[in-house]
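Only this structure's heavy atoms are used, side chains among them; waters, hydrogens and symmetry mates stay out.
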Amino acid sequence: MTVSEHKMNTRHGHRPLVRVVTPKPLTESAAARYVWAVARLALGWVFLWAFLDKLFGLGHETPAAKAWTKGGSPTEGFLKFSPKGPFAGFYHDIAGAAWADWLFMIGLGGVGAALILGIGMRIAAAGGAALLVMMWSAVLPPENNLFMDDHLVYALLIVGLALVSAGDTLGLGRWWAKVPLVKRLPVLK
């Protein structure tokens, strides 16, 4: 809480002390910081789980036989059969391409790790939001709404996480900000 004191002169020579108290913004309260931190960890787990499931075929969405480590493609199944709408042709064309597989997996793993650790939040927000908007655009229009679905909500959330420095609470964000390279290149914060 910010407190500033001002002395004022009055007609009778008294000098009353006036205290002006300005409360901290809500995002700086301990409760808000922890809510944002838990949201960061939850969204990080969404990305990290998708990465691990596709990498090892943990049997949730990816059967073991189709794991990336066993020669499966993390993009082929979804991009070959699910896309609809105005971008369906584009997504069908890149389904199973090695470069698409690598970029998708680097995106999932990198964003998930950054969110879990609380570092590189700005890059994670940009990359994660781009990945999520692309996933949203693959299935236009969404099944349960005219335009809104969980991918857009997650994209907004990940940007919000970076804006409130959510990596500083229950994460390594404060330490990361002191690394000389990050001080020189704040985009890495």
Asker: I'd like to know if Leu48 and Leu161 are part of one continuous hydrophobic network [Ile/Leu/Val/Met/Phe/Trp/Tyr, side-chain heavy atoms within less than 4.5 Å].
Answerer: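 Leu161 and Leu48: one cluster.
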Asker: In residues 168-183, what donor-acceptor pairs under 3.5 Å come from side-chain atoms, sequence neighbours left out?
Answerer:
{"from": "Asp168", "atom 1": "OD1", "to": "Arg174", "atom 2": "N", "distance (Å)": "3.4"}
{"from": "Arg174", "atom 1": "NE", "to": "Asp168", "atom 2": "O", "distance (Å)": "3.4"}
{"from": "Trp176", "atom 1": "NE1", "to": "Leu188", "atom 2": "O", "distance (Å)": "2.7"}

Asker: For Ser137, enumerate each residue passing the side-chain hydrogen bond (donor to acceptor under 3.5 Å, both in side chains) test, keeping only those at least two apart in sequence or located in another chain.
Answerer: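 Residues passing side-chain hydrogen bond (donor to acceptor under 3.5 Å, both in side chains) with Ser137: Tyr91.
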Asker: Minimum heavy-atom separation for Pro86 and Leu140, please, with both atom names.
Answerer: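 Minimum heavy-atom contact is CD-CB, 4.1 Å.
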Asker: Same hydrophobic cluster for Ile158 and Met134, using side-chain heavy-atom links shorter than 4.5 Å among ILVMFWY?
Answerer: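 Unlinked, Ile158 and Met134 end up in two clusters.
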Asker: Quick one: do Leu58 and Leu52 satisfy side-chain contact (heavy atoms from CB on, under 4.5 Å)? Show the steps, please.
Answerer: CA-CA 7 Å; Leu58 300 176; Leu52 293 170; 4.0 Å; yes
Asker: Is there a path from Val35 to Leu156 through hydrophobic residues (I, L, V, M, F, W, Y) whose side chains come within less than 4.5 Å of each other?
Answerer: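 As far as the 4.5 Å side-chain criterion goes, Leu156 and Val35 are not connected within one cluster.
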Asker: Let me confirm one number: the OG-NZ distance from Ser73 to Lys66, rounded to the nearest 0.5 Å.
Answerer: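 With rounding to 0.5 Å, OG (Ser73) is 10.0 Å from NZ (Lys66).
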Asker: Without swapping roles, check the side chain of Asp149 against the backbone of Pro142 for a donor-acceptor pair under 3.5 Å.
Answerer: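 Checked: no pair found.
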Asker: More than 12 heavy atoms of other residues, nucleotides or ligands under 6.0 Å from NE2 of His92: yes or no?
Answerer: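 Yes, enclosed.
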Asker: Any side-chain heavy-atom pair from Phe56 and Lys70 closer than 4.5 angstrom?
Answerer: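 No, side chains not in contact.
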Asker: Do any pairs count as a ring-ring contact (aromatic ring centres under 6.0 Å, His included) and have a residue in residues 96-149, sequence neighbours left out, and if so which ones?
Answerer: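 Qualifying pairs: Trp68-Trp102.
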Asker: Would you list the atom pairs, donor with acceptor, under 3.5 Å between side chains in residues 76-85 and any protein atom, with sequence neighbours excluded?
Answerer:
none

Asker: State yes or no: do Tyr154 and Val139 share one hydrophobic cluster built from I, L, V, M, F, W and Y residues joined by side-chain heavy-atom distances below 4.5 Å, directly or via other members?
Answerer: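 No.
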Asker: For the backbone of Ala95 and the side chain of Thr75, can you confirm whether one donor and one acceptor N or O come within less than 3.5 Å of each other?
Answerer: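 A pair under 3.5 Å: no.
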Asker: Find out if a path of hydrophobic residues (ILVMFWY) with successive side-chain heavy-atom gaps under 4.5 Å connects Val133 to Leu43.
Answerer: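 Different clusters.
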Asker: If you look at every heavy atom in Ala39 and Leu157, which pair is closest and at what distance?
Answerer: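 For Ala39 versus Leu157, the nearest heavy atoms are CB-CD1, 4.3 Å.
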Asker: Can you confirm whether Trp36 sits close enough to Leu163 that some side-chain heavy atom of one is under 4.5 Å from a side-chain heavy atom of the other?
Answerer: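 The answer is no; the side chains never approach within 4.5 Å.
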Asker: List the atom of Leu146, the atom of Pro141, and the distance in Å for their closest heavy-atom pair.
Answerer: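 Heavy atoms only, the tightest pair is O-CB, 3.9 Å.
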Asker: Quick one: list whatever passes side-chain hydrogen bond (donor to acceptor under 3.5 Å, both in side chains) with Thr62, sequence neighbours left out.
Answerer: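 Applying side-chain hydrogen bond (donor to acceptor under 3.5 Å, both in side chains) to Thr62 gives Asp53.
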Asker: Please report, to 0.1 Å, the donor-acceptor pairs under 3.5 Å made by any side chain of residues 107-132, with sequence neighbours excluded.
Answerer:
{"from": "Arg122", "atom 1": "NH1", "to": "Pro186", "atom 2": "O", "distance (Å)": "2.9"}

